[in-house]
**Q** 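My structure is below; once you've seen it, I'll send some questions.
Numbering of ligands and ligand atoms starts at 1, following listing order. The basis for the numbers below is simple: all heavy atoms, side chains too, and nothing from hydrogens, waters or symmetry mates.
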Amino acid sequence: MATAGAGRDSVVIALGGGVTTDLSGFVAATWHRGIPWIALPTSLLAMADAAVGGKTGVDTPAGKNLVGAFHPPVAVLADLSLLATLPPGEVSSGLAEMVKHAIVGDERLLDALVAASGAVRSVRPGVLGPLLLRSVAVKASVVARDPEERDFRQVLNFGHTIGHAIERVSGWAISHGRAVAAGMSVEAGIAVRMDLLTPGERDRIREALRRLGLPAEPPAGLGTDAILAATLADKKTRAGRVRFALPEAVGRMARGPEGFGIPVPIEVAGRELASL
Ligand SMILES: NC(=O)c1ccc[n+]([C@@H]2O[C@H](COP(=O)([O-])OP(=O)(O)OC[C@H]3O[C@@H](n4cnc5c(N)ncnc54)[C@H](O)[C@@H]3O)[C@@H](O)[C@H]2O)c1
Ligand SMILES: [Zn+2]
């Protein structure tokens, strides 16, 4: 940017997947202490999730999410025809985040995704476009209510506590989307064990995942003990409890006495993992 002579009046345009939008947004946040940026996401995950909400950052050898800034783009423009070249595994990752948004805040979106699963999985722009807009609307409304993640925004972590553990235990052989899908299934089961969610709603979530070609259980052979150990290593545990964002119904997240991060005894998570 220095070589190009980019001054305070420049604009960063991010054309790429979530890695690109995260990096470009961070450059825009810090160049001249902040210049505008425009996101042109090219992956379904970036269109549905990463390009929206203002979190930007870069990974460093010291860890994920240590270096970053809240700096929303001035515009997000998604051209769905770009998705024609996206590999199937990357489509699954985007779909998993869309399912997450439905469970967080748009019950009918889950039914609509399932009803159109064939067209959705083959990323037909005419069918996918309106559903993508609804998914983005959920994320935008969560972020508008709690831009800097003081409490409510953590509902967007649904499926990610167990999901990250699955990614780690697999040595990143499992894609983010498939890990988060399995994570949402496990965490829905945890919500039932915590008396927050009915078994019927849990099964509805699992059926939707399967209909969309996403896994509803951790991959066989990973070992539930290893996933539980990775969950504990990843999360700060307090008095043997891990905080989860949990649904109380499709479309509504549970709020506990301490907010939207619900403390769950580790044995409860262990029992759910062992049951799958
Ligand atoms: N800032 C946020 O709120 C937020 C939210 C979710 C995820 N993220 C971040 O987003 C990143 C994941 O995003 P991602 O899944 O887009 O990863 P990515 O940017 O690595 O893209 C995935 C792969 O798809 C390729 N690709 C992108 N668009 C393509 C297209 N149109 N055709 C063919 N190939 C294409 C990329 O080159 C890459 O190989 C992670 O780093 C994650 O931390 C950020
Ligand atoms: Zn995610």
Side-chain angles (χ1 to χ4, degrees), residues 12-30 37-61 63-73 76-104 122-123 125 128 132 135-136 138-144 146-149 152-168 172 174-187 209 214-215 234 244-245:
V12 174
I13 297 176
L15 176 69
V19 168
T20 306
T21 56
D22 268 14
L23 169 64
S24 310
F26 182 67
V27 168
T30 46
W37 70 290
I38 294 170
L40 306 181
T42 62
S43 69
L44 186 58
L45 187 138
M47 292 180 188
D49 193 354
V52 181
K55 276 192 187 177
T56 69
V58 286
D59 290 345
T60 61
K64 262 180 94 83
N65 299 329
L66 292 175
V67 177
F70 288 102
H71 190 55
V76 181
L77 306 173
D79 177 349
L80 276 74
S81 69
L82 294 173
L83 299 177
T85 51
L86 200 64
E90 303 297 342
V91 172
S92 300
S93 288
L95 280 183
E97 304 292 0
M98 289 177 72
V99 168
K100 179 191 78 179
H101 289 155
I103 295 166
V104 163
S122 52
V123 290
L128 186 62
L132 186 59
S135 166
V136 167
V138 171
K139 173 144 189 198
S141 74
V142 170
V143 170
D146 179 17
E148 297 187 358
E149 197 162 331
F152 183 56
R153 187 172 177 157
Q154 57 186 316
V155 299
L156 297 172
N157 292 336
F158 174 54
H160 282 64
T161 303
I162 296 292
H164 282 150
I166 291 172
E167 278 184 288
R168 274 164 49 127
W172 282 272
I174 314 250
S175 77
H176 180 68
R178 296 184 71 78
V180 167
M184 289 192 284
S185 174
V186 174
E187 293 181 19
L209 291 169
L214 294 165
D234 186 37
F244 286 90

**Q** Could you tell me the residue and atom name of the protein heavy atom closest to atom 17 (O) of ligand 1, and the distance to it rounded to 0.1 Å?
**A**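 Going atom by atom, the protein heavy atom closest to atom 17 (O) of ligand 1 ends up being Gly18 N, 4.0 Å.
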**Q** Contact between His160 and ligand 1, counting heavy atoms under 4.0 Å?
**A**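 So His160 does not count as touching ligand 1.
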**Q** If you have a sec, work out which protein heavy atom is nearest atom 8 (N) of ligand 1 and how many Å separate them, to one decimal?
**A**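 Scanning the protein heavy atoms, the shortest distance from atom 8 (N) of ligand 1 goes to Ala50 CB, 3.5 Å.
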**Q** Taking atom CE of Met98 and atom CG of Leu128, what is their separation to the nearest 0.5 Å?
**A**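 Spacing of CE (Met98) from CG (Leu128) equals 5.0 Å.
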**Q** Among all protein heavy atoms in this structure, tell me which lies nearest to atom 3 (O) of ligand 1, with the distance rounded to 0.1 Å.
**A**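 Ranking protein heavy atoms by distance from atom 3 (O) of ligand 1, first comes Lys139 NZ, 3.3 Å.
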**Q** Within the structure, is a non-hydrogen atom of Leu82 found at a distance of less than 4.0 Å from ligand 1?
**A**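 Judged by the 4.0 Å heavy-atom criterion, Leu82 does count as contacting ligand 1.
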**Q** Heavy atom to atom 29 (C) of ligand 1, shortest distance: which of Val143, Thr21, Leu23, Leu86 holds it?
**A**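 Comparing heavy atoms across Val143, Thr21, Leu23, Leu86, the nearest one to atom 29 (C) of ligand 1 lies in Leu86.
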**Q** In degrees, rounded to 10 degrees, what angle do His160 atom NE2 and Glu97 atom OE2 make at the Zn ion (ligand 2)?
**A**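 Result: 120°, to 10°.
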**Q** Enter the distance from Gln154:CD to Thr161:OG1 here, rounded to the nearest 0.5 Å.
**A**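 So the gap between those two atoms works out to 9.5 Å.
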**Q** What protein heavy atom sits nearest atom 21 (O) of ligand 1, and how far off is it?
**A**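 Ranked first by proximity to atom 21 (O) of ligand 1 is Gly17 CA, 4.2 Å.
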**Q** Identify which of Val58, Thr42, Asp22 has a heavy atom lying nearest to atom 44 (C) of ligand 1.
**A**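 Considering heavy atoms of Val58, Thr42, Asp22, the nearest to atom 44 (C) of ligand 1 sits in Asp22.
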**Q** What protein heavy atom sits nearest atom 12 (C) of ligand 1, and how far away is it?
**A**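 Looking at atom 12 (C) of ligand 1, the protein heavy atom closest to it is Leu45 CD2, 3.7 Å.
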**Q** Enter the distance from Ile13:CD1 to Leu77:CG here, rounded to the nearest 0.5 Å.
**A**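 Output value for this atom pair is 9.0 Å.
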**Q** Using modelled atom types only, decide if a donor and an acceptor are shared between the side chain of His71 and the backbone of Ala69 within a distance under 3.5 Å.
**A**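 No, because the side chain of His71 does not come within donor-acceptor range (under 3.5 Å) of the backbone of Ala69.
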**Q** Where the closest heavy atom to atom 22 (C) of ligand 1 is concerned, which of Met47, Glu90, Lys55 has it?
**A**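 Ranked by closest heavy atom to atom 22 (C) of ligand 1, first place is Glu90.
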**Q** For atom 43 (O) of ligand 1, what's the nearest protein heavy atom and its distance?
**A**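 Residue, atom and distance for the closest contact: Lys64 NZ, 3.6 Å.
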**Q** Taking N or O atoms only and a 3.5 Å limit, does Thr20 qualify as a polar contact for ligand 1?
**A**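 No, since none of the N or O atoms of Thr20 sits under 3.5 Å from an N or O of ligand 1.
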**Q** Please write down residue, atom name and distance for the protein heavy atom closest to atom 18 (P) of ligand 1.
**A**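 Nearest protein contact, heavy atoms only, for atom 18 (P) of ligand 1 is Val19 CG2, 3.9 Å.
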**Q** I'd like to know if the side chain of Thr85 and the backbone of Leu82 have a donor-acceptor N/O pair within less than 3.5 Å.
**A**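 Checking the backbone N and O of Leu82 against the side chain of Thr85, a donor-acceptor pair under 3.5 Å is found.
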**Q** Can you find an N/O atom of Thr56 closer than 3.5 Å to an N/O atom of ligand 1?
**A**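 Between Thr56 and ligand 1, no N or O pair is found under 3.5 Å apart.
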**Q** Tell me if a side-chain donor or acceptor on Asn157 pairs with a main-chain N or O of His160 at a distance below 3.5 Å.
**A**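 Checked: no pair found.
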**Q** Looking only at atom types and distance, does a side-chain atom of Ser24 sit under 3.5 Å from a main-chain N or O of Thr21, one as donor and one as acceptor?
**A**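 Not at all, since once roles are kept as given, no pair shorter than 3.5 Å links the two residues.
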**Q** In Å and rounded to the nearest 0.5 Å, what is the OG to CG distance from Ser92 to Leu86?
**A**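 That separation rounds to 9.5 Å.
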**Q** Which residue and atom name correspond to the protein heavy atom nearest atom 16 (O) of ligand 1, and how close is it?
**A**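 Its nearest protein heavy-atom neighbour is Ser43 OG, 2.5 Å.
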**Q** Is atom 39 (O) of ligand 1 near the protein, in the sense that some protein heavy atom lies at less than 4.0 Å from it?
**A**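 No, there is none.
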**Q** Would you give the length of the straight line joining atom CG of Leu66 to atom CG of Asp59, rounded to the nearest 0.5 angstrom?
**A**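 Spacing of CG (Leu66) from CG (Asp59) equals 8.5 Å.
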**Q** Below 4.5 Å, heavy atoms only, C-beta onward: do Lys139 and Arg153 meet side chain to side chain?
**A**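 In contact.
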**Q** So that I can tick it off, tell me whether Lys100 and Asp49 are bridged by a salt bridge, with the cut-off set at under 4.0 angstrom between side-chain N and carboxylate O.
**A**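 Answer for the salt bridge query: yes.
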**Q** Does an N or O from Thr85, backbone or side chain, lie closer than 3.5 Å to an N or O of ligand 1?
**A**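 Looking only at distances, the answer is yes, because the N/O contact criterion of under 3.5 Å is met.
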**Q** Determine whether a donor-acceptor pair (N or O, by modelled atom type, separation under 3.5 Å) exists between the side chain of Glu187 and the backbone of Ile162.
**A**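 Between the backbone of Ile162 and the side chain of Glu187 there is a qualifying donor-acceptor contact (under 3.5 Å).
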**Q** When you measure from atom 14 (P) of ligand 1 to the protein, is at least one non-hydrogen atom found at a distance under 4.0 Å?
**A**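 Yes, there is a protein heavy atom closer to it than 4.0 Å.
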